[in-house]
Peer 1: 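First, the structure itself, so that you have it in front of you.
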Amino acid sequence: MIKIQNVSKWYGHTQVLKDCGTHVAKGEVVVVCGPSGSGKSTLIKCVNGLEPFTQGTITVDGISVGDPKTDLPKLRARVGMVFQHFELFPHMSVVQNLALAQVKVLGRSPDEAAARGIALLDRVGLRAHASKFPGQLSGGQQQRVAIARALAMDPICLLFDEPTSALDPEMIGEVLDVMVELAQEGMTMMVVTHEMGFARKVAKRVVFMDHGEIVEDAPVAQFFEAP
Ligand code: ADP
Ligand code: ADP
């Protein structure tokens with residue numbers, strides 16, 4: 001589903017990705033970890049075209065991300081992304097947040113989009129909060145809204161960039177629970193996280209990055225084996 005081959009990226013004279021390669025098959029979860037500044041966030045943003053890369057190829061469901069002919073907004077609509085800081089629109093209600101891109105990008109009617117939004121809020125346990133504004137919700141609730149918003153686009157895969165790193169410890173579990181459920185339902189996911197309990201539970205492989213390089217890419221059992 002996601003194929004990353006020989007990807008390198010420079011910011012000016014600084015190389016932030018060095019010949020990175022990995023893949024995520026349909027229905028698999030791959031966790032990306034490594035020290036701060038090692039390029040995890042940059043790599044995952046390259047996958048849906050949020051960051052350009054200098055060399056190499058990335059395809060998602062056979063579509064080449066770096067190809068100038070690729071319609072990136074269209075691709076992004078199908079490759080859901082969940083960020084560390086939720087990135088919800090603060091001046092719109094929760095259900096409006098969920099409906100917006102469905103209407104603008106997928107061309108759904110506002111009623112249809114709202115209905116789909118409500119169904120997904122139900123699924124993440126937030127139906128009662130549909131008309132609230134993001135600022136009225138806890139961090140854990142906002143992140144569950146962000147996941148519901150990604151799901152509303154009927155994504156072919158989901159990318160997560162440290163989805164629990166900005167949360168108070170007591171809210172991490174509720175977000176991971178939703179992610180585990182998605183993984184168990186067969187959603188293809190590439191997840192930057194330090195939550196190794198999550199990795200053990202649902203990941204197929206763990207990719208470890210350091211200084212822009214993928215230094216280990218191993219099945220989860222092997223990754224956690226004592227050296
Ligand atoms: P991680 O997600 O592993 O913490 P990042 O992908 O955020 O790492 O960053 C990798 C490296 O790229 C870091 O050294 C960071 O400072 C650098 N970097 C990220 N974005 C930019 C940018 N827009 N311009 C220059 N350097 C950047
Ligand atoms: P996150 O880790 O939440 O993805 P960061 O705080 O690393 O975000 O970066 C926020 C923004 O700043 C990103 O768009 C990133 O590309 C940019 N950035 C990060 N490091 C640098 C850097 N050294 N120089 C310029 N821009 C950077």
Side-chain angles (χ1 to χ4, degrees), residues 1-24 28-60 64-66 68 70 72-73 75-76 79-88 139-140 142-143 146-147 149-150 155 157-169 171-172 175-176 179 182-183 187-200 202-220 223-224:
M1 176 64 71
I2 302 171
K3 276 195 193 135
I4 301 173
Q5 289 171 298
N6 306 107
V7 167
S8 293
K9 176 178 173 77
W10 280 264
Y11 280 121
H13 295 293
T14 316
Q15 189 168 8
V16 292
L17 294 177
K18 295 178 191 163
D19 203 24
C20 292
T22 190
H23 60 97
V24 187
E28 270 181 10
V29 176
V30 170
V31 158
V32 182
C33 61
S36 179
S38 58
K40 308 179 296 292
S41 178
T42 304
L43 182 66
I44 208 160
K45 284 179 190 154
C46 286
V47 173
N48 71 350
L50 274 180
E51 287 270 10
F53 45 98
T54 320
Q55 278 176 5
T57 55
I58 299 179
T59 60
V60 180
S64 175
V65 180
T70 296
L72 279 185
L75 180 73
R76 259 180 226 136
V79 180
M81 180 135 187
V82 176
F83 300 91
Q84 186 173 356
H85 296 289
F86 329 132
E87 320 265 340
L88 299 171
Q142 289 185 60
Q143 194 60 303
I147 294 172
R149 182 175 62 176
C157 60
L158 290 178
L159 309 175
F160 292 83
D161 189 1
E162 303 213 25
T164 59
S165 299
L167 299 177
D168 291 334
M171 291 169 189
I172 291 175
V175 172
L176 290 178
M179 292 169 63
L182 289 172
M187 178 62 76
T188 308
M189 295 163 49
M190 189 166 173
V191 183
V192 176
T193 186
H194 300 286
E195 294 291 338
M196 289 301 129
F198 171 79
R200 276 175 200 271
V202 296
K204 175 93 175 179
R205 298 194 325 282
V206 178
V207 167
F208 188 85
M209 294 188 74
D210 195 17
H211 290 93
E213 269 182 279
I214 293 180
V215 293
E216 191 170 357
D217 184 343
V220 73
F223 188 84
F224 289 111

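When a ligand or atom number is given, it counts from 1 through the structure's own listing order. Worth knowing before you read on, the calculation uses all heavy atoms, side chains too, and leaves out hydrogens, waters and symmetry mates.
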Peer 1: Verify, without hydrogens or angle tests, whether Thr70 (side chain) and Ser64 (backbone) share a donor-acceptor contact under 3.5 angstrom.
Peer 2: yes

Peer 1: Is Lys40 in polar range of ligand 1, meaning some N or O pair under 3.5 Å apart?
Peer 2: yes

Peer 1: Pair Glu216, Val206 - check side-chain contact (heavy atoms from CB on, under 4.5 Å), show working.
Peer 2: CA-CA 8 Å; Glu216 191 170 357; Val206 178; over 6 Å; no

Peer 1: If we set the cut-off at 4.0 Å for heavy atoms, which region of Val16 has an atom near ligand 1: side chain, backbone, both, or neither?
Peer 2: side chain

Peer 1: For Gly37, state whether at least one heavy atom is located under 4.0 Å from any atom of ligand 1.
Peer 2: yes

Peer 1: Got a sec, which residues hit side-chain contact (heavy atoms from CB on, under 4.5 Å) with Ser8, two or more places apart in sequence or on another chain?
Peer 2: Trp10, Gln15, Asp19, Gln55

Peer 1: Can you name the atoms of ligand 1, numbered from 1 with element, that are less than 4.0 Å from a heavy atom of Ser41?
Peer 2: 1 (P), 2 (O), 6 (O), 7 (O)

Peer 1: I'd like to check which ligand 1 atoms, numbered from 1 as shown, lie under 4.0 Å from a non-hydrogen atom of Thr42.
Peer 2: 5 (P), 6 (O), 9 (O), 10 (C)

Peer 1: Among Lys204, Arg200, Met196, Arg205, find the one that has a side-chain contact (heavy atoms from CB on, under 4.5 Å) with Val31.
Peer 2: Met196

Peer 1: Got a donor-acceptor contact below 3.5 angstrom from the Lys40 side chain to the Phe208 backbone?
Peer 2: no

Peer 1: Going by the rule salt bridge (Lys or Arg N to Asp or Glu O under 4.0 Å), which residues pair with Lys9 if we only count those two or more places apart in sequence or in a different chain?
Peer 2: Glu51

Peer 1: In terms of atom number and element, which parts of ligand 1 are under 4.0 angstrom from non-hydrogen atoms of Pro35?
Peer 2: 3 (O)

Peer 1: Tell me whether Leu43 has any N or O atom under 3.5 angstrom from an N or O of ligand 1.
Peer 2: no

Peer 1: With atoms numbered from 1 as shown, which atoms in ligand 1 lie under 4.0 angstrom from a non-hydrogen atom of Ser38?
Peer 2: 1 (P), 3 (O), 8 (O)

